[in-house]
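To keep things clear, I will list the structure first and then write my remarks on it.
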Amino acid sequence: MSTEAATTNFQSSDFQPVAQPPDFRPEVTVSPHNGLRFWQFMIAGSIAGCVEHMAMFPVDTVKTHMQALGSCPIKSVGVRQALRSILKSEGVPGLYRGIGAMGLGAGPAHAVYFSVYEVCKKYFSGGNPNNSAAHAVSGVFATVTSDAVFTPMDMVKQRLQLGNSATYRGVLDCVRRVLKEEGFGAFYASYRTTVVMNAPFTAVHFATYEAAKRGLIEISPESANDERVIVHATAGALAGASAAVVTTPLDVVKTQLQCQGVCGCDRFKSSSISDVIKTIVKKDGYKGLMRGWIPRMFFHAPAAAICWSTYEAAKTFFQELNASTESGSVT
């Protein structure tokens with residue numbers, strides 16, 4: 001058979017390759033599992049969580065004060081009024097009360113959060129990195145497991161944020177007194193509410209993040225690798241802000257359950273979400289369910305940008321480390 005005939009046969013419609021669209025470029029994270037080990041996901045997530053929460057902690061303190069009801073010092077829902085009241089009563093250190101508890105909880109919780117997410121994403125995506133449903137479901141699994149780790153320290157953190165040095169002397173004092181006066185169950189009084197809040201939060205967050213990241217890369221595919229930090233930060237900010245606003249009412253309920261009895265805040269006979277909502281609506285109307293939505297959005301937008309940028313940077317570091325290790329072993 002001649003070369004010309006062979007070429008003609010090869011160019012038949014049965015064998016003709018499908019042309020790629022003109023703007024086709026591979027995504028920055030096209031691999032569903034990125035070739036990292038489980039412990040590397042945990043370390044990357046832990047670093048990202050600590051950096052995120054430490055950087056945004058003052059905003060979280062303002063939000064916690066705004067969401068607390070009862071005879072607590074701060075009764076106004078205004079951000080500036082809340083901030084002034086904190087600074088007037090305790091000064092700048094008041095914005096950082098409870099940061100130790102945050103540090104103890106954020107690292108381990110985010111290690112679990114991101115590692116579970118990556119493992120579930122690999123399992124549910126079926127090799128398709130653009131599967132939004134898989135991202136959402138994986139996010140739900142991640143938040144259920146990480147909340148079990150984070151909820152106790154989050155409760156301690158919020159009580160320290162509301163109180164002063166006379167209420168609790170620190171993290172250990174708060175833990176001891178809660179165990180003695182309320183029992184171990186108090187640490188998980190808000191767990192159900194937290195999961196009910198964070199499951200949709202995380203589903204919206206991860207689905208929005210992955211979709212926004214993909215859309216931003218498609219806008220400028222030729223420079224996707226050079227601008228990966230901007231891409232991750234922008235997509236993370238959009239995801240964080242969207243999810244934060246949607247789930248604010250449940251966050252108010254969570255704060256109420258975790259801070260009950262502190263600084264004159266209401267105590268509840270049960271941890272029923274509906275009972276807490278009724279109390280909030282009775283005392284402050286339906287607008288009470290949106291207390292703190294502005295600082296919550298201002299917290300989660302930059303926090304998610306910081307978190308995703310840090311997480312992806314840590315993953316890139318481990319990818320390059322693994323590649324250099326493998327190339328060194330081959331030679």
Side-chain angles (χ1 to χ4, degrees), residues 25-55 102-151 153 198-199 202-203 205-214 217 224-233 235-236 239-240 303-331:
R25 294 291 190 283
E27 291 190 74
V28 174
T29 55
V30 33
S31 170
H33 204 52
N34 300 287
L36 300 187
R37 299 175 179 86
F38 187 80
W39 65 268
Q40 291 173 328
F41 285 125
M42 294 190 74
I43 292 177
S46 180
I47 294 171
C50 287
V51 172
E52 167 200 354
H53 285 286
M54 298 300 178
M102 174 61 75
L104 291 172
H110 278 72
V112 172
Y113 184 80
F114 280 106
S115 56
V116 170
Y117 172 71
E118 294 287 356
V119 170
C120 290
K121 184 172 73 170
K122 178 185 179 182
Y123 178 79
F124 290 118
S125 65
N128 177 16
N130 300 329
N131 190 334
S132 297
H135 300 151
V137 173
S138 301
V140 172
F141 275 90
T143 196
V144 170
T145 52
S146 65
D147 283 343
V149 177
F150 188 60
T151 297
M153 281 296 106
N198 282 344
T202 310
H205 184 106
F206 277 110
T208 304
Y209 170 76
E210 298 285 358
K213 181 180 69 175
R214 187 163 61 249
I217 290 173
N225 288 328
D226 296 333
E227 300 175 356
R228 66 175 64 190
V229 174
I230 297 175
V231 169
H232 294 310
I306 293 168
C307 185
W308 278 111
S309 301
T310 305
Y311 179 62
E312 296 291 350
K315 281 170 58 179
T316 300
F317 169 78
F318 283 123
Q319 286 170 342
E320 294 174 353
L321 179 65
N322 292 346
S324 63
T325 302
E326 290 173 2
S327 61
S329 62
V330 171
T331 56

Measure across Ser146 and Ala109 and return the closest heavy-atom pair with its distance rounded to 0.1 Å.
CB-O, 3.3 Å

Which residues pass the side-chain hydrogen bond (donor to acceptor under 3.5 Å, both in side chains) test with Tyr209, sequence neighbours left out?
His232, Glu312

So, does Ser324 use its side chain to make a donor-acceptor pair with the main chain of Glu320 at under 3.5 Å?
yes

For His205, all residues meeting side-chain hydrogen bond (donor to acceptor under 3.5 Å, both in side chains), sequence neighbours excluded:
Trp308

Hey, what do you get for CG (Asn322) to CD (Gln40), rounding to the nearest 0.5 Å?
4.0 Å

Heavy atoms only: give me the nearest Ala305-Ala233 pair and the separation to one decimal.
CB-O, 3.2 Å

What heavy-atom pair brings Thr208 and Ala239 nearest, and what distance separates the two atoms?
CG2-CA, 3.7 Å

Just verifying a value: how many Å separate His135 NE2 and Glu210 CD, rounded to the nearest 0.5 Å?
4.0 Å

Once side-chain hydrogen bond (donor to acceptor under 3.5 Å, both in side chains) is applied, do any residues pair with His110, and if so which ones, sequence neighbours excluded?
Glu52

Heavy atoms of Ala106 and Phe150 approach each other most closely as N-CE1, 3.7 Å

Suppose we screen for side chain to side chain contact (heavy atoms under 4.5 Å, CB included). Which residues come up paired with Ala134, at least two apart in sequence or across chains?
Phe124, Ser125, Asn131

Nearest heavy atoms of Gly236 and Ala304, plus distance in Å:
O-CB, 3.0 Å

Only counting residues at least two apart or in another chain, list the ones meeting side chain to side chain contact (heavy atoms under 4.5 Å, CB included) with Ile306.
Val51, Ala55, Met56, Thr310

Under the rule for side chain to side chain contact (heavy atoms under 4.5 Å, CB included), what residues qualify as partners of Leu104, not counting sequence neighbours?
Met153, Val171

Quick one: are Tyr311 and Phe41 in side-chain contact, heavy atoms under 4.5 Å?
yes

Of all heavy-atom pairs between Thr202 and Val140, which one has the smallest distance, and what is that distance?
CG2-N, 4.3 Å

Check side-chain hydrogen bond (donor to acceptor under 3.5 Å, both in side chains) between Asn198 and all other residues, then give those that pass, not counting sequence neighbours.
Asp147

Nearest 0.5 Å, what's the OG-NZ distance between Ser138 and Lys122?
12.5 Å

